[in-house]
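If you're wondering where the values come from, they're calculated on a predicted model, not measured in any experiment. Start at 1 with the first residue, then count along the sequence.
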Amino acid sequence: MGIEKFEDIRVWNKAQELTITIYSEVNNIKDYCFKDQLTKAAISISNNIAEGFERKSNPDFARFLNYALGSTGEVRSMLYLAKNLNYLDESKTNELILKTQQISGMITRLKQSLFKKK
């Protein structure tokens, strides 16, 4: 039996956790444009996974997984900026960057699994 709802997808849950952590970490950043861009990109990861899954078509799901990958890259890029601008603690930022790399790998493997012969 396969996954019946997006809430059961591991990478969706990981993306939700990442977003919650990012929200708590950027809470005190006064650069509101930066904070808004970062949080919107983080939200976009899990939202694209959910939206693609709900389309009930592997090609559509794969397309939305690509969008989620793009958003994950955007978050990672913003985290490097946050570190270089001293907006976030370096060790916490490195931890978040690692989580985005893990999420990217999970999304990639999920996308590949959509087209494996059964």
Side-chain angles (χ1 to χ4, degrees):
M1 177 184 283
I3 295 172
E4 295 183 20
K5 57 188 196 286
F6 68 80
E7 293 92 333
D8 294 331
I9 301 172
R10 280 188 53 228
V11 69
W12 178 84
N13 284 287
K14 293 286 186 188
Q16 288 272 301
E17 291 169 13
L18 174 69
T19 302
I20 291 165
T21 304
I22 285 174
Y23 261 86
S24 68
E25 291 298 320
V26 302
N27 194 38
N28 294 324
I29 293 177
K30 301 295 185 224
D31 183 342
Y32 299 109
C33 185
F34 181 90
K35 180 167 46 174
D36 187 54
Q37 185 73 23
L38 177 55
T39 55
K40 283 182 179 180
I43 290 167
S44 183
I45 301 168
S46 61
N47 282 352
N48 276 304
I49 294 167
E51 186 173 353
F53 181 84
E54 290 294 322
R55 302 262 175 159
K56 307 296 184 201
S57 149
N58 282 359
D60 279 343
F61 192 18
R63 183 165 39 95
F64 278 87
L65 290 175
N66 280 333
Y67 300 151
L69 271 173
S71 294
T72 307
E74 182 178 356
V75 168
R76 188 162 49 253
S77 179
M78 295 289 293
L79 289 169
Y80 283 113
L81 277 174
K83 183 166 61 170
N84 292 330
L85 293 168
N86 296 312
Y87 284 170
L88 296 175
D89 173 73
E90 185 173 354
S91 65
K92 187 60 172 183
T93 307
N94 289 338
E95 179 185 317
L96 292 170
I97 288 168
L98 179 61
K99 286 182 181 188
T100 64
Q101 292 167 335
Q102 293 167 341
I103 288 170
S104 287
M106 292 173 77
I107 293 170
T108 299
R109 288 186 296 281
L110 177 58
K111 193 174 90 171
Q112 290 168 344
S113 76
L114 294 176
F115 300 103
K116 285 188 178 172
K117 298 207 186 226
K118 299 184 181 188

Fill in: Euclidean distance, I107 CD1 relative to T72 OG1, rounded to 0.5 Å
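If we round to the nearest 0.5 Å, T72:OG1 and I107:CD1 are 4.0 Å apart.
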Item to complete: With rounding to the nearest 0.5 Å, note down the distance linking CG in L96 to CG in L38.
Response: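 Rounded to the nearest 0.5 Å, the CG-CG separation comes out at 8.5 Å.
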Item to complete: Mind running side chain to side chain contact (heavy atoms under 4.5 Å, CB included) on K14 and Q102 for me, showing each step along the way?
Response: CA-CA 9 Å; K14 293 286 186 188; Q102 293 167 341; over 6 Å; no
Worksheet item: How far apart are the closest heavy atoms of T19 and A42, and which atoms are they?
Response: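 Of all heavy-atom pairs spanning T19 and A42, the closest is OG1-O, 3.1 Å.
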Worksheet item: Got a sec, which pairs hit salt bridge (charged side-chain N to carboxylate O under 4.0 Å, His left out) with one end in residues 56-65, sequence neighbours left out?
Response: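 Only D60-R63 qualify under salt bridge (charged side-chain N to carboxylate O under 4.0 Å, His left out).
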Worksheet entry | Sole residue of F61, F6, F53 in ring pair (Phe, Tyr, Trp, His ring centres under 6.0 Å) with W12 |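 Answer to the ring pair (Phe, Tyr, Trp, His ring centres under 6.0 Å) test with W12 among F61, F6, F53: F6.
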Practice prompt. Apply ring-ring contact (aromatic ring centres under 6.0 Å, His included) to F64 and Y67, showing your working.
Written response: CA-CA 5 Å; F64 278 87; Y67 300 151; 5.1 Å; yes
Item to complete: Show your reasoning for whether side chain to side chain contact (heavy atoms under 4.5 Å, CB included) applies to L88 and I29.
Response: CA-CA 8 Å; L88 296 175; I29 293 177; 4.1 Å; yes
Item to complete: May I have the step-by-step check of side chain to side chain contact (heavy atoms under 4.5 Å, CB included) for L65 and N48, ending in yes or no?
Response: CA-CA 7 Å; L65 290 175; N48 276 304; over 6 Å; no
Worksheet item: For K35, does the NZ atom have more than 12 heavy-atom neighbours from other residues, nucleotides or ligands under 6.0 Å away?
Response: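 Yes, NZ of K35 has more than 12 neighbouring heavy atoms, counting only those of other groups under 6.0 Å.
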Check for a donor-acceptor pair, side chain of [X] on one end and backbone N or O of [Y] on the other, with a separation under 3.5 Å.
X: N13; Y: I9; result: yes
X: S44; Y: K40; result: no
X: S77; Y: G73; result: no
X: T93; Y: L79; result: no
X: S113; Y: L110; result: yes
X: D8; Y: I3; result: no

Item to complete: Enumerate the residue pairs fulfilling ring-ring contact (aromatic ring centres under 6.0 Å, His included) with a member in residues 14-37, sequence neighbours excluded, ordered by first and then second residue.
Response: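 Those involving residues 14-37 are F34-Y87.
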Fill in: Side chain to side chain, T21 and K92, heavy atoms closer than 4.5 Å
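Yes; the side chains approach each other to less than 4.5 Å.
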Worksheet item: With sequence neighbours excluded, what pairs up with K111 under the side chain to side chain donor-acceptor pair (under 3.5 Å) test?
Response: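 Checked K111 against side chain to side chain donor-acceptor pair (under 3.5 Å); matches are N66.
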